[in-house]
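Single-structure report; data block below.
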Amino acid sequence: MACGTAMVSIWIVVVSLVVLGGKLLNWIWLRPRRLEKFLRQQGFAGNSYRILYGDLKDRTAMREQAISKPINFSDDIAPRVLPSVHHTIQKYGKNSFMWFGPIPRLHIMDPEQLKTVFTLINDIQKPVMNPLLKLFAGGVVNHEGAKWARHRKIINPAFHLQKLKVMVPAFYHSCYDMVSKWESMVFETGSCELDVMPYLQQMAADVISRTAFGSSYEKGEKIFKLQTELALLVNQPTMGIFIPGWRFLPTKTNKKMKEISKEITTLILGIINEREKSMSAGEAMHSDLLGILMESNLNEIGRHGNNKDTGMSIEDVINECKTFYIAGQETTATLLIWTMILLSSYSEWQDRARAEVFEIFGNKKPDFDGLSRLKV
Ligand code: HEM
C-alpha cells in the first residue's frame, strides 16, 4: 500500500515536471519561433530569435554605446534616444520587429496600419506590464476595457480647464522658487554656467507635489522622493528579461522595493483618511488632484445609487495618485528642458518669446488669462 502511494507521488512529480518543462520550452523557444514565422509571413523583418534573451543584450550594448558620448544639438536624436529601434528600422525597414526576450515588439510606422491598431482595441491590447512597474504606476495607463473607461471617467475632471485654472498659483510658486535660486546665483557675478536639468526636474516634481496634495505638500514631497527611489530600483530588473516569480524572491532589491512601496501607500492612505474625515465633518473639498479624484469618485458612486462597484476603491485612488506623479513629472521636465534647448539654439525665437511675455505681463505675475493669450 505504502509502495503504491509512493509510486503515485513519484508519478505526480514526474507529470508536474513534464508539464512545467513543456510550458518552459514553449515560453522560451516554441512560441517565439512560431510567432517569428507568422511575422515573417506578414512581411515583418528582424533578427532571428535567440533563446531567452532575443535582442536584449544588443539593445543594452547599443544604449551604453549611444549615451557614452555627447551629441550636438543639430544631430539626429533618434540614434541617441532609441538606438536599437533606430538600428532595426535602418536594417530591416519600417515593418520590423525586435525581441524583448521571448516577446516580439513590432514597429509600425504606416499611418493606415496604426489606425487599424487603434481601432482594434479589444484584439490588440496593451502589452502585459512587468508587475514590478505596477508598484509605481498601477493606474489608468495599465487598465483596459470597462475598467479603463470607469477610471478615465473619474479622473477626467482633473484635466478640466476650470480645475487647472485654480492650480496656476501653485505653478507660479514653484517657478518662482526656481528662478529666484537662479537669480541669486548670478547676482554677484552677473552670469554663471548652470546645468538647468536638475532644477527643472525638481520644479516639475514640486508642481506635482503642490497640485496633487495641496495643503499636504510636505507629505507629497516625501511621496515624490520615495517614488523616484522606487522608479530607479524597478528600472533595473525591468530592463532585462522578465522571469515570472522573480519579484517574490527575498532579494535585497525586492525587499527594498516592497518596503518603499508600502511606505508610499501608507503616506497616501494617511492623506486620504484625513480628507475623508474632514469631508464627513462637512468641510469643503480640496481643489487639488487628490480632492478632485475623491470628489469625482463619490459623485460617480452616488450617481449609481451608492453602488461602490461603480467607483474606485481606496487602493485604486492610491494607484491613480502614483500614476499622476510618474506620468506628470519626467514628461513635463523633459518638455521644459527641450524648450530651453530650442530657445537657446534659435535666439530669434527666444527674443520673440521674451518680447511677447513682457508685452502681455510686463512685470506683473503671470495669470491664467495672460497665459492663454501667449502665441509664440
Ligand atoms: C509634456 C508633458 C506630457 C507628455 C508628453 C505626456 C505624454 C503622455 C502619453 C504619450 C501618454 C499615453 C501613454 C500610453 O497610453 O501608453 C500619456 C498618458 C497619460 N498621462 Fe501624460 N503626458 C504629459 C503630462 C502629463 C501630466 C502633467 C499628467 C498628470 C498630472 C499626465 C497624466 C497622464 C495620465 C493619467 C495618462 C493615462 C491616460 C489614459 O490611459 O487614459 N500626463 N501621457
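Hydrogens, waters and symmetry mates are skipped; everything else that's a heavy atom, side chains included, is used. Quantities reported herein were computed from a predicted structural model and do not represent experimental measurements. Whatever order the structure lists ligands and atoms in, that order sets their numbers, starting from 1.
Phe361 has its side chain within reach of Leu371: a pair of non-hydrogen atoms, C-beta onward, lies under 4.5 Å apart.
For atom 36 (C) of ligand 1, the protein comes within 4.0 Å by no heavy atom at all. There is no protein heavy atom closer than 4.0 angstrom to atom 17 (C) of ligand 1. At a distance under 4.0 Å, a protein heavy atom can be found next to atom 27 (C) of ligand 1. Put simply, atom 8 (C) of ligand 1 has no protein non-hydrogen atoms near it, under 4.0 Å away. Note that atom 40 (O) of ligand 1 has protein non-hydrogen atoms nearby, at separations under 4.0 angstrom. For atom 43 (N) of ligand 1, no protein non-hydrogen atom is found at a distance below 4.0 Å. Within the 4.0 angstrom cut-off, atom 2 (C) of ligand 1 has one or more protein heavy-atom neighbours. The protein reaches atom 32 (C) of ligand 1 closely, with a heavy atom under 4.0 angstrom from it.
Look at Asp288 and Arg210 and you find no salt bridge, because none of the NZ, NE, NH1 or NH2 atoms lies under 4.0 Å from a carboxylate O.
With hydrogens and angles ignored, the 3.5 Å screen pairs a side-chain donor or acceptor of Asp195 with a backbone N or O of Met197. Side-chain N or O atoms of Gln350 include one that pairs as donor or acceptor with a backbone N or O of Leu343 at under 3.5 Å.
At least one N/O-N/O distance between Arg152 and ligand 1 falls below 3.5 Å. Looking at ligand 1, you'll find an N or O of Trp148 within less than 3.5 Å of one of its N or O atoms.
Side-chain contact of Asp177 with Ser174: a donor-acceptor pair under 3.5 Å is absent, judged by distance alone. Inspection of the Asn156 and Arg152 side chains reveals an N or O donor paired with an N or O acceptor under 3.5 Å.
Thr119 and Thr116 make their closest contact through OG1-O, 2.8 Å (heavy atoms, listed as atom of the first residue, atom of the second, distance).
For atom 34 (C) of ligand 1, the closest non-hydrogen atom on the protein side is Ala327 CB, 4.2 Å. Scanning the protein for heavy atoms near atom 15 (O) of ligand 1, the closest one is Val141 CG1, 4.4 Å.
Atoms NZ and CE, from Lys181 and Met203 in turn, are 10.5 Å apart once rounded to the nearest 0.5 Å.
When heavy-atom distances to ligand 1 are checked against a 4.0 Å cut-off, Leu335 comes that close only through its side chain, counted from C-beta outward.
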